[in-house]
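Quick notes on the structure that follows.
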Amino acid sequence: MSSHDSGLPVPQQNDDLSQQLSLSVLVSRLESLVGRKRVSMRAVVEVAGQAALLPALTLLALMIVSPISGVPFFSSISGLVIVLLSTQLLMNKSELWLPDFLMRREIPGKRLATALRWMKRAADFLERFTRGGRLAFLVSDRMLKPRLVICLIAGLCMPIFEIVPFSSTLLAVIVLMFSLSIMTNDGLFVLLGTGMLALVLALALTFGITVAEALD
């Protein structure tokens with residue numbers, strides 16, 4: 001949506017945030033965009049419908065994990081959108097706002113059609129894997145903001161590290177796990193997201209040490 005578009009109410013509590021569109025429904029809605037020569041970020045965000053913020057965050061993360069991530073700068077643009085969506089969720093905003101220059105960014109429609117097959121399989125697998133209420137202490141209200149902050153930081157790092165192979169994909173997996181934990185109230189996704197976060201930090205540390213040694 002552009003800065004001239006008004007969004008729709010955003011649920012304020014964690015219990016409400018979990019009452020959202022399923023991931024498979026979101027992916028199915030993307031099928032309405034297949035056939036277009038170019039697909040804008042605005043169109044992708046708008047398929048989230050009434051429950052705009054959290055589903056859009058989850059859908060974008062899944063798209064970055066998919067083969068669409070090979071489109072130049074898609075991960076960077078999506079990362080910036082993830083930052084804005086996470087910020088608005090943290091601020092309990094009642095309307096979705098995204099700048100028009102981001103919403104005008106486009107990807108080839110053929111790349112979306114190809115990636116949709118992968119995304120459908122991934123969404124179906126994740127939904128079969130989900131158990132609402134599992135490890136409930138990890139998805140309590142007090143754990144909501146820390147998860148969104150991690151999503152925000154991961155999105156912020158995507159434009160910075162896109163030149164590093166697979167870095168954006170790993171960061172997107174973190175966002176996907178934490179946003180899914182909010183959508184489904186499944187604490188196992190928090191554990192998976194935390195594990196991926198630890199892996200990314202370890203890889204970043206190793207990379208930094210390697211670069212430092214090479215410069216000596």
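Everything quoted here is computed from the prediction, not taken from an experiment.
A donor-acceptor pair under 3.5 Å links the side-chain atoms of Arg131 to the main chain of Arg128, judged by distance alone. Formation of a donor-acceptor pair under 3.5 Å by the Arg29 side chain with backbone atoms of Val25 is not found in this model. Panel note: side chain Thr58, backbone Leu54; a donor-acceptor pair is recorded below 3.5 Å.
The one candidate from Leu135, Thr130, Val139, Leu180 that meets the side chain to side chain contact (heavy atoms under 4.5 Å, CB included) condition with Asn185 is Val139. The only member of Val175, Ile174, Thr194 that meets side chain to side chain contact (heavy atoms under 4.5 Å, CB included) when paired with Ile150 is Ile174. The salt bridge (Lys or Arg N to Asp or Glu O under 4.0 Å) with Glu106 is formed by just one residue from the set Arg42, Arg38, Lys37; it is Arg38.
No side-chain heavy atom of Leu126 sits under 4.5 Å from any side-chain heavy atom of Thr184. Side-chain atoms of Ser40 and Met103, non-hydrogen and from C-beta on, never get closer than 4.5 Å to each other. Counting only heavy atoms from C-beta outward, the side chains of Leu84 and Thr87 never approach each other to under 4.5 Å. Using a 4.5 Å cut-off on side-chain heavy atoms (C-beta onward), Met41 and Leu60 make contact.
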Between side-chain atoms of residues 62-83 and protein atoms elsewhere (two or more places apart, or another chain), which donor-acceptor pairs fall under 3.5 Å?
from, atom 1, to, atom 2, distance (Å)
Ser66, OG, Met63, O, 2.6
Ser66, OG, Ile68, N, 3.2
Ser69, OG, Ile64, O, 3.4
Ser69, OG, Ser66, O, 3.0
Ser76, OG, Glu162, OE1, 2.1
Ser78, OG, Phe74, O, 2.9

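Between Arg104 and Asp100, the shortest heavy-atom distance links the atoms NH1-OD2, 2.6 Å. Closest approach of Ala113 to Val34, counting heavy atoms only: CB-CG1, 4.0 Å.
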- [ ] Check the pair Val200 / Leu203 against side-chain contact (heavy atoms from CB on, under 4.5 Å), numbers first and verdict last.
- [x] CA-CA 5 Å; Val200 169; Leu203 290 174; 5.6 Å; no
- [ ] In sequence, state the C-alpha distance, the side-chain angles, and the governing distance for Met119 and Leu30, and then conclude on side-chain contact (heavy atoms from CB on, under 4.5 Å).
- [x] CA-CA 10 Å; Met119 292 173 68; Leu30 282 176; 3.6 Å; yes
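Taking OG1 of Thr169 as the start and CE of Met196 as the end, the distance is 10.0 Å to the nearest 0.5 Å. Here the CG atom belonging to Leu148 is positioned 7.5 Å from the CG atom belonging to Leu57, to the nearest 0.5 angstrom. A distance of 10.5 Å separates CE of Met177 from SG of Cys151, quoted to the nearest 0.5 Å. Here the NZ-CG distance, from Lys93 to Leu53, works out to 11.0 Å after rounding to the nearest 0.5 Å. Rounded to the nearest 0.5 Å, atoms CD1 (Ile182) and CE (Met143) are 10.5 Å apart. Atom CG of Leu171 sits about 5.0 Å away from atom CE of Met158, to the nearest 0.5 Å.
Judged by distance alone, the side chains of Arg147 and Ser181 do bring a donor and an acceptor atom under 3.5 Å apart.
For Val39, the side chain to side chain contact (heavy atoms under 4.5 Å, CB included) test picks out Leu33, Arg36, Ala43, Val44, Ile107, Leu112, with sequence neighbours left out.
Note on residues 126-147: pairs passing ring pair (Phe, Tyr, Trp, His ring centres under 6.0 Å), not counting sequence neighbours, are Phe125-Phe129.
Cluster annotation: Leu201 and Val211 are assigned to distinct hydrophobic clusters (Ile/Leu/Val/Met/Phe/Trp/Tyr, side-chain heavy-atom contacts under 4.5 Å, transitive). Phe207 and Leu197 fall into different hydrophobic clusters, where Ile, Leu, Val, Met, Phe, Trp and Tyr are joined by side-chain heavy atoms under 4.5 Å apart, directly or via other members.
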